[in-house]
There are 2 protein chains.
Amino acid sequence: MSSEVPKTETSTAPVPPTLSAVGKRAGVSSITVSRVLRVPDLVAPETRARVEEAMRELGYVPNLVAGALASSRTNSVGVLVPTIANSIFADTVQGLSDKLEPLGFSVILAQSRYDAAREDRMLAALLSRRPEAIIMVGSPATEEGNRLLRHARIPIVETWDLPAAPIDAVAGFDNYKAGVAVAKHLIAQGRKQLAFIGGDDPRATRRWLGFWDEIVASGLPEPRRLILDRNASGSVAAHARLPDVDAVFAANDAHAIGFMAGLRKAGLLCDGPASQQPVAVIGLGDLEMGRLFSPALSTISVHGDAIGRTAATLTLERGGERKVDLGFELVLRDSG
Amino acid sequence: MSSEVPKTETSTAPVPPTLSAVGKRAGVSSITVSRVLRVPDLVAPETRARVEEAMRELGYVPNLVAGALASSRTNSVGVLVPTIANSIFADTVQGLSDKLEPLGFSVILAQSRYDAAREDRMLAALLSRRPEAIIMVGSPATEEGNRLLRHARIPIVETWDLPAAPIDAVAGFDNYKAGVAVAKHLIAQGRKQLAFIGGDDPRATRRWLGFWDEIVASGLPEPRRLILDRNASGSVAAHARLPDVDAVFAANDAHAIGFMAGLRKAGLLCDGPASQQPVAVIGLGDLEMGRLFSPALSTISVHGDAIGRTAATLTLERGGERKVDLGFELVLRDSG
DNA sequence: TGTGTTAATGTTAGCGCTAACATTGCGTAT
DNA sequence: ATACGCAATGTTAGCGCTAACATTAACACA
């Protein structure tokens, strides 16, 4: 990526044109060109036409880096997700970027990979690009991450959860209540041996807590918790480690589907309704695939894209309600 | 997002500290602070310690916008994908960002939503942030997009395909051959009435072309093509529109799974091996879900993350082979 | 006739940093 | 002692743009 362009080639050096170059060509000063770009109404129509012509001829591409430094507006937002690959957070990124891009904002994307140290590094990296807001999944894992964000003096949106003491704004839902809702449903269905499978990130843990509390409060034996790594294939074998279980809440749909694939192999899955399932399974996320699976997956439906769009709105509007609960709904299909 | 911070509040104004502020506090000039950040070996250990202390005390966060303008290195790459939500391209973004982030590069993400005009706008928006490279899925749809990229004088990587006349670098596979491979397999299996379902983006179309050519060359009747919108649910009903078909190539796994869900409803799916399926189904992408489905989905496996990592490598190294064919493999499971 | 008023354009300074070139001080060879 | 090399630090200019404040000309109004 070194710049070994021979400069002594021709008279028209391959130097990208600047505002002044356009201005010179159009016979105006650089500020007028700048105005054509940002506030065209301030420029006389003929002048504007001449400038636009010059921009076209030179193939001018504005330099937003310089513009950002001069105006201290970068028109960018930093987005931090644990992971983007086959994850539910992709919907959120899509949602927020659909909202932000038409407004001229760029999305700077970073992944923490569920690693606190990397999260801090990414947060610092994002902030050094001076985004006008940060949208992240969850909350900073470390004190350092918190400090960084609190000192940044820009809107911060935490998503996919409802932290008790948010840094600034929130767009999420109550993961604890989701766990409670699933437990209630499973108990009402008459299930007795419940278990929870999935990751151990903060949000999954909150779900587990709600699940546990509700089950124990109802007098049933304590549910088991199986912590699985992040790919669904691992959950295929999970059933062997959960003998006697008759209902499972999976921290997300991928785990739920993997678990069901394992149940099928074990002959513990039927194509009938939930009441006929030897083992009930409830997921979270409402992946399209869950609907296509047979038996169709019952799940906690969460609107990932709405979370993203709401987060985008929260970065743009200061003031107003800064804590939005997008809720969730228990969608009952055939798996549990 | 206006900055109405009352400046006459205290003596310690809430102005983010600059390099010079740190320098002043540490008793050195700003350039020394800059060196501590970029080339610490040039600074005496005690000085460095003093500077680092000052940075910590002030909570200094470097301003890469200014740094980029001064050095004309932004340490960022622009990434353009059709869509990021529940798509196979998320793997590619993950792969390239895993490679790029540790090197200090940020990813600026944009989505074209399969829309040529939006693609051009996003390309222009990306370029105006002066990324050091552009990685995109496919090739620019318009002449204007091509022109923009050719004039940008930075590495451009086109992915997920092997364009005949690439702008610069390529990391992808031969979509035409993928179609041929699927056709060959299906024909060898004795299937007679073949069809293709999926989108009509350039890559899907290339797959269709290979599929069609191979089938017609073998003397079988022309395959049918059903163009579906981008969500898998639409493909559930696709079977009704393809009576008599005994083999289907879906442009991606999501469509394949949706189609299979439809087959199941119609009683045209069994849990046995491929030879027993009334209708063979082959997907593309090798989604984890496909493996969990029953019957397990046969598919063209493509390594989306390897495409991303390769693309990242191609942006970093000029010279060397600039056209990398990552290939694909036909993974046969139970669906066809 | 002078005095606003407004529309259109220009001038100046500087955003926060880094490249490129000084400068300083000190140890060492001659 | 003089020159030289080198390590550590500093000075200067400028990246490409925009905010804030001129300036100019044309015209309306009393």
Side-chain angles (χ1 to χ4, degrees), chain A residues 2-3 7 13 15-52 54-55 58-76 104 127-132, chain B residues 2-3 7 13 15-52 54-55 58-76 104 127-132:
Chain A
S2 55
S3 54
K7 301 248 168 175
V15 175
T18 64
L19 271 190
S20 331
V22 175
K24 183 178 281 183
R25 182 165 194 116
V28 297
S29 75
S30 63
I31 189 71
T32 300
V33 183
S34 173
R35 284 201 263 255
V36 168
L37 256 16
R38 295 175 302 122
V39 277
D41 289 350
L42 288 186
V43 180
E46 317 88 67
T47 313
R48 197 191 312 169
R50 232 169 47 241
V51 169
E52 282 164 349
M55 292 202 279
L58 293 176
Y60 176 70
V61 178
N63 186 330
L64 253 52
V65 177
L69 182 60
S71 67
S72 51
R73 297 214 53 207
T74 55
N75 283 287
S76 65
L127 289 173
S128 63
R129 303 206 176 255
R130 297 290 189 271
E132 299 191 21
Chain B
S2 54
S3 53
K7 302 247 168 175
V15 177
T18 64
L19 271 191
S20 333
V22 175
K24 183 178 280 180
R25 183 164 194 118
V28 296
S29 76
S30 62
I31 190 71
T32 300
V33 183
S34 173
R35 285 201 261 256
V36 168
L37 257 14
R38 295 176 302 122
V39 278
D41 288 350
L42 288 187
V43 180
E46 317 88 68
T47 313
R48 197 191 312 168
R50 234 171 44 243
V51 169
E52 281 164 349
M55 291 201 282
L58 294 176
Y60 175 70
V61 177
N63 186 331
L64 254 52
V65 176
L69 181 60
S71 67
S72 50
R73 298 214 52 206
T74 55
N75 283 287
S76 64
L127 289 173
S128 63
R129 303 202 176 260
R130 295 292 187 271
E132 298 190 22

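Lettering of chains follows the sequences in order, A, B, ..., and the numbering in each one begins at 1.
Residue pairs that meet the salt bridge (Lys or Arg N to Asp or Glu O under 4.0 Å) test with at least one member in residues 59-68 of chain B, sequence neighbours left out, do not exist here.
Helix bend of the helix from C:dT1-D:dA30 to C:dT30-D:dA1: the angle between its two end axes, each built from five pairs, comes to 50° after rounding to 10°.
Pairing each heavy atom of B:V61 with each of A:R130, the nearest pair is O-NH2, 2.8 Å. Of all the heavy atoms in B:R129 and A:N75, the pair that sits closest is NH2-O, 2.8 Å.
Close approach of DNA chain C to chain B, defined as any atom under 4.0 Å from a non-hydrogen atom of the protein, starts and stops at C:dG16 to C:dA19.
From B:L37, atom CG reaches atom CG of B:L64 across 9.0 Å, with rounding to the nearest 0.5 Å.
A:S71 contributes a side-chain N or O that, together with a main-chain N or O of A:G67, makes up a donor-acceptor pair within less than 3.5 Å.
Residues passing the side-chain hydrogen bond (donor to acceptor under 3.5 Å, both in side chains) test with A:T32: none are found, sequence neighbours excluded. For B:S128, there are no side-chain hydrogen bond (donor to acceptor under 3.5 Å, both in side chains) partners at least two apart in sequence or on another chain.
Using a 4.0 Å cut-off on heavy atoms, the residues of residues 28-36 of chain A that approach DNA chain C are A:V28, A:S29, A:I31, A:T32, A:R35, listed by number. The stretch residues 59-69 of chain B comes close to DNA chain D through B:L69, each having a heavy atom under 4.0 Å from the strand.
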What side-chain donor-acceptor pairs closer than 3.5 Å can you find for residues 39-51 of chain B, not counting sequence neighbours?
from	atom 1	to	atom 2	distance (Å)
B:R48	NE	B:P40	O	3.4
B:R48	NH2	B:P40	O	3.3
B:R48	NH2	B:V43	O	3.3
B:R50	NE	B:A26	O	3.0
B:R50	NH2	B:A26	O	3.2

Give the table of side-chain donor-acceptor pairs shorter than 3.5 Å for residues 17-25 of chain B, with sequence neighbours excluded, one pair per line with atom names and distance.
from	atom 1	to	atom 2	distance (Å)
B:T18	OG1	B:S20	N	3.4
B:T18	OG1	B:A21	N	3.3
B:R25	NE	B:E57	OE1	2.4
B:R25	NH2	B:E57	OE1	3.0

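Here B:T18 lies in heavy-atom contact (under 4.0 Å) with sugar-phosphate atoms only.
Taking 4.0 angstrom as the limit, B:T47 places none of its side-chain polar atoms (N or O) nearer than this to OP1 or OP2 of D:dA8.
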